[in-house]
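Notes follow the structure.
Bear in mind that the values here come from a model prediction, so they are computed numbers and not experimental data.
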Amino acid sequence: MSEPDAASAGEKPAPSNLVMRVLAALVLAPLAIALAYAGGWLWALLVTLVSIGLFAEWLMVVGAGSTALTGAGTIAIAMMGLCVAAGALKTAIIVGCIGGVIVMLIARGKFVWAATGFAYAAAALLASILVRKDLANGFSALMFVLLVVWATDIGGYFAGRSIGGPKLWPRVSPKKTWSGALGGFMASLAVAGGFAACGIGKAIPLLLVSAILSVVSQAGDLFESAVKRRFGVKDSSHLIPGHGGLMDRLDGFVAAILMAWIIGFVRHGAHSAGSGLMVW
């Protein structure tokens, strides 16, 4: 999730914008947690809808948002969500490959950007559902990822606002600072400490995992900023008051949940990724 630019620069954001951000977060965060706790088809439905939104926003950012292209990608992502929620992972991957080819054929001159956006949304879909589907540790793993990303975001906000200092990568994101990046990183370690203190995982492995996820989350933020800067776009959309679009709000989470699933997959397999992330 994106660290607020004004905060990173040490500037005070407009009060009205800050209020909108807080109000939106107070509504969306509990909703996300509730559906994550419910799991199953409810979580899969939310993730599928969000992934479709990510793909649509991506196409608008790169200037390829035709009705045919958006429609084809939407159908493919919806079918993938249905398949993976039903436990048919191989079928979901096949559908995704076919959908990706169709997207590239329709996109023509912008097939690379369109295919990248489809892969981005599809990866977010699969990783988010698969991590939660682990019956033993899916919810705790998903909450760990969410809290690490949120802590990185909030820690970066306050550190960047109060300390300021040298810019992290001015060419890509002119207002983000090293102090914000470090503040977010340190905040993520507190999440790992909290989980370990509650008996949910071992301290050292969780600290290492949270460090990796925090760095990856911030890299995801910078990646989205680089894409928007490449096409001269400030916000991916105005869907979320005070936050911009889904890409603006979920850039860090998409990168982090994908990395979390990879770690879990390497350790415990595709269907037990939550345990692979949390049990050491």
Side-chain angles (χ1 to χ4, degrees), residues 1-3 7 25-26 28-40 43 46-47 123-124 126-163 168 178-222 249-280:
M1 298 184 184
S2 302
E3 176 189 330
L26 288 175
L28 296 177
L31 176 62
I33 293 172
L35 293 179
Y37 179 77
W43 175 248
L46 174 65
V47 171
L126 294 176
S128 299
I129 295 177
L130 287 172
V131 167
R132 179 62 185 91
K133 278 180 75 68
D134 182 339
L135 297 178
N137 294 284
F139 178 65
S140 61
L142 183 57
M143 287 307 305
F144 182 74
V145 177
L146 282 170
L147 290 173
V148 164
V149 173
W150 289 343
T152 298
D153 188 28
I154 295 170
Y157 173 89
F158 285 106
R161 182 181 184 184
S162 59
I163 301 173
L168 178 61
W178 281 101
S179 63
L182 182 58
F185 179 82
M186 296 305 295
S188 75
L189 300 183
V191 172
F195 270 70
C198 293
I200 308 174
K202 298 179 180 178
I204 299 302
L206 288 185
L207 285 169
L208 177 60
V209 171
S210 68
I212 293 172
L213 295 183
S214 180
V215 171
V216 170
S217 171
Q218 296 190 59
D221 182 1
L222 290 172
R249 188 81 308 246
L250 298 175
D251 46 13
F253 174 75
V254 171
I257 195 65
L258 181 58
M259 177 57 69
W261 181 81
I262 291 172
I263 294 171
F265 168 73
V266 169
R267 299 194 67 243
H268 282 197
H271 298 287
S272 299
S275 296
L277 188 71
M278 303 302 295
V279 179
W280 296 78

The reported gap from CZ in Phe185 to OG in Ser210 (rounded to nearest 0.5 angstrom) is 7.0 Å
| query | Can you check side chain to side chain contact (heavy atoms under 4.5 Å, CB included) on Leu222 and Asp251, steps first, answer last? | reply | CA-CA 8 Å; Leu222 290 172; Asp251 46 13; over 6 Å; no
Candidate pair Phe265 and Leu130, rule side chain to side chain contact (heavy atoms under 4.5 Å, CB included), full reasoning: CA-CA 10 Å; Phe265 168 73; Leu130 287 172; over 6 Å; no
Can you tell if the side chain of Leu147 reaches within under 4.5 Å of the side chain of Phe195, non-hydrogen atoms only? yes
Minimal heavy-atom distance between Ser128 and Phe253, with the atoms involved, is OG-CE2, 3.6 Å
Closest heavy-atom pair, Trp261 versus Ala273, reported as atoms and distance to 0.1 Å, is CD1-CB, 3.5 Å
Verify, without hydrogens or angle tests, whether Ser140 (side chain) and Asn137 (backbone) share a donor-acceptor contact under 3.5 angstrom.
-> yes
Does any N or O in the side chain of Arg132 come within less than 3.5 Å of the main-chain N or O of Ala36, such that one atom is a donor and the other an acceptor?
yes
Check whether any side-chain heavy atom of Met186 sits under 4.5 Å from a side-chain heavy atom of Leu182, and report yes or no. yes
Practice task
Verify, without hydrogens or angle tests, whether Thr152 (side chain) and Val148 (backbone) share a donor-acceptor contact under 3.5 angstrom.
Solution key: yes
- Query: Within a reach of under 6.0 Å around CG of Leu135, are more than 12 heavy atoms found that belong to other residues, nucleotides or ligands?
  - Reply: no
Practice prompt. Given side chain to side chain contact (heavy atoms under 4.5 Å, CB included), test Leu142 with Ile257 step by step and report yes or no.
Written response: CA-CA 8 Å; Leu142 183 57; Ile257 195 65; 4.0 Å; yes
**Message:** Using only atom types and a distance under 3.5 Å, with no angle test, would you say the side chain of Arg267 pairs donor to acceptor with the backbone of Val279?
**Reply:** yes
Ala151 meets the side chain to side chain contact (heavy atoms under 4.5 Å, CB included) criterion, sequence neighbours left out, with Ala187, Val191
Heavy atoms of Gly193 and Leu207 approach each other most closely as N-CD2, 4.4 Å
Tightest non-hydrogen contact, residues Gly220 and Ala255, listed as CA-CB, 3.8 Å
Residue set satisfying side chain to side chain contact (heavy atoms under 4.5 Å, CB included) with Ala123, at least two apart, ordered chain then number -> Leu258
Contact check, side chains of Leu277 and Val131, non-hydrogen atoms, under 4.5 Å
no
Kindly say whether Ala181 contributes a backbone atom to a donor-acceptor pair with the side chain of Gln218 at under 3.5 angstrom?
-> yes
Phe139 and Ile33 have their tightest heavy-atom pair at CE1-O, 4.1 Å
**Asked** So, Ser275 and Asp134: side-chain donor and acceptor under 3.5 Å apart, yes or no?
**Response** yes
So, Asp153 and Arg249, do they make that salt bridge, N to O below 4.0 Å?
yes
One should read off an interatomic distance between Lys202 NZ and Leu206 CG, to the nearest 0.5 angstrom, of 10.5 Å
CG (Leu189) and OG (Ser214) are apart, to the nearest 0.5 Å, by 7.0 Å
Shortest non-hydrogen pair, Val216 vs Ala256, comes out as CG1-N, 4.1 Å
Report yes or no: does Trp150 contribute a side-chain atom to a donor-acceptor pair with the main-chain N or O of Ser188 at less than 3.5 Å? no
* Could you give me the CA-CA distance, side-chain angles and deciding distance for Ile200 and Phe144, then say whether side chain to side chain contact (heavy atoms under 4.5 Å, CB included) is met? => CA-CA 10 Å; Ile200 308 174; Phe144 182 74; over 6 Å; no
